[in-house]
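A short write-up of the structure that comes next.
Treat the numbers as computed from the prediction; the structure is a model and nothing was measured. Residue numbers count from 1 along this sequence.
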Amino acid sequence: MSLARILRSQPGFVNWYRDLMGYRKYGLIADDLLCTREAQLAASRLPVHLQDARSRRFKRAFDCSLKKQLLPKDQWTTTEQDLPYLTPYLQDVELEVAERVLWRDSIVGIPSWIQPAPEW
């Protein structure tokens with residue numbers, strides 16, 4: 001068993017590490033930190049109220065960063081608020097991308113590493 005897997009199984013360590021990362025002090029959630037192409041596509045599929053909340057969190061964090069300040073402690077993201085809201089949409093996008101690659105490889109017969117990435 002790897003050290004990372006052992007540490008992830010310890011909720012106290014996970015919370016300590018997330019607090020150490022500092023994103024909660026800007027009012028962000030862990031899923032806000034994902035910046036892959038798939039995460040951007042998943043974010044575009046969110047319901048409107050979640051997209052608005054995400055946008056507000058980004059604006060507030062950007063404003064705090066420009067001012068070189070942290071949010072007041074009562075506005076920090078708590079452990080109870082730091083829930084994965086993007087994960088179900090991200091899993092759907094990753095499945096679609098994998099399915100697209102399998103389909104392209106089976107129909108065309110050319111390995112996916114030769115062809116360019118699909119346009120979003």
Side-chain angles (χ1 to χ4, degrees):
M1 185 177 270
S2 70
L3 179 62
R5 190 172 289 186
I6 293 170
L7 293 176
R8 277 191 219 121
S9 67
Q10 304 296 322
F13 176 79
V14 172
N15 288 330
W16 171 80
Y17 183 71
R18 286 185 176 174
D19 286 337
L20 185 68
M21 288 176 65
Y23 67 88
R24 291 180 177 175
K25 296 175 183 176
Y26 290 98
L28 296 173
I29 296 176
D31 280 358
D32 291 338
L33 305 178
L34 302 174
C35 58
T36 62
R37 182 182 287 186
E38 289 84 5
Q40 291 174 353
L41 185 58
S44 70
R45 295 181 181 186
L46 288 171
V48 176
H49 70 280
L50 289 177
Q51 287 181 0
D52 291 343
R54 178 181 167 96
S55 177
R56 272 187 262 115
R57 286 192 302 272
F58 282 137
K59 287 178 184 178
R60 184 173 54 185
F62 184 69
D63 185 48
C64 288
S65 177
L66 284 177
K67 294 177 181 177
K68 299 188 186 302
Q69 298 175 347
L70 298 176
L71 287 174
K73 192 161 183 140
D74 62 331
Q75 294 180 11
W76 290 3
T77 304
T78 62
T79 304
E80 294 80 26
Q81 295 170 332
D82 196 0
L83 299 173
Y85 69 95
L86 193 60
T87 305
Y89 300 95
L90 188 58
Q91 290 171 348
D92 289 344
V93 169
E94 288 171 349
L95 284 173
E96 289 175 14
V97 168
E99 183 178 321
R100 184 178 294 139
V101 168
L102 283 174
W103 177 81
R104 186 180 56 212
D105 290 350
S106 67
I107 296 296
V108 179
I110 300 174
S112 60
W113 55 270
I114 294 176
Q115 297 179 353
E119 293 297 321
W120 298 99

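- Remark: E94 CD to T87 OG1 distance equals 9.5 Å, nearest 0.5 Å.
- At least one test fails for R54 against the ring of Y89: distance under 6.0 Å to the centre or angle within 45° of the axis.
- Atoms CD and CG, on Q40 and L34 in that order, are 10.5 Å from each other to the nearest 0.5 Å.
- Panel note: side chain D52, backbone H49; no donor-acceptor pair is recorded below 3.5 Å.
- The closest donor-acceptor contact from the side chain of D82 to the backbone of A30 lies under 3.5 Å.
- Between the Q81 side chain and the T78 main chain, a donor and an acceptor come within less than 3.5 Å of each other.
- When side chains are defined from C-beta on, R57 does not count as touching T77, because their heavy atoms never get closer than 4.5 Å.
- The shortest side-chain heavy-atom distance between Y23 and D32 does not fall under the 4.5 Å cut-off.
- Put simply, the side chain of E99 does not reach to within 4.5 Å of the side chain of L95, judged on heavy atoms.
- Nearest heavy-atom pair, V93 versus R45, reported as atom, atom and distance to 0.1 Å: CG2-NH1, 3.7 Å.
- The line from CZ of F62 to CG of L28 is 12.5 Å long, rounded to the nearest 0.5 Å.
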Test side chain to side chain contact (heavy atoms under 4.5 Å, CB included) applied to L86 and L46, step by step: CA-CA 8 Å; L86 193 60; L46 288 171; 4.0 Å; yes
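- To the nearest 0.5 angstrom, L90 atom CG is 10.5 Å from Y85 atom OH.
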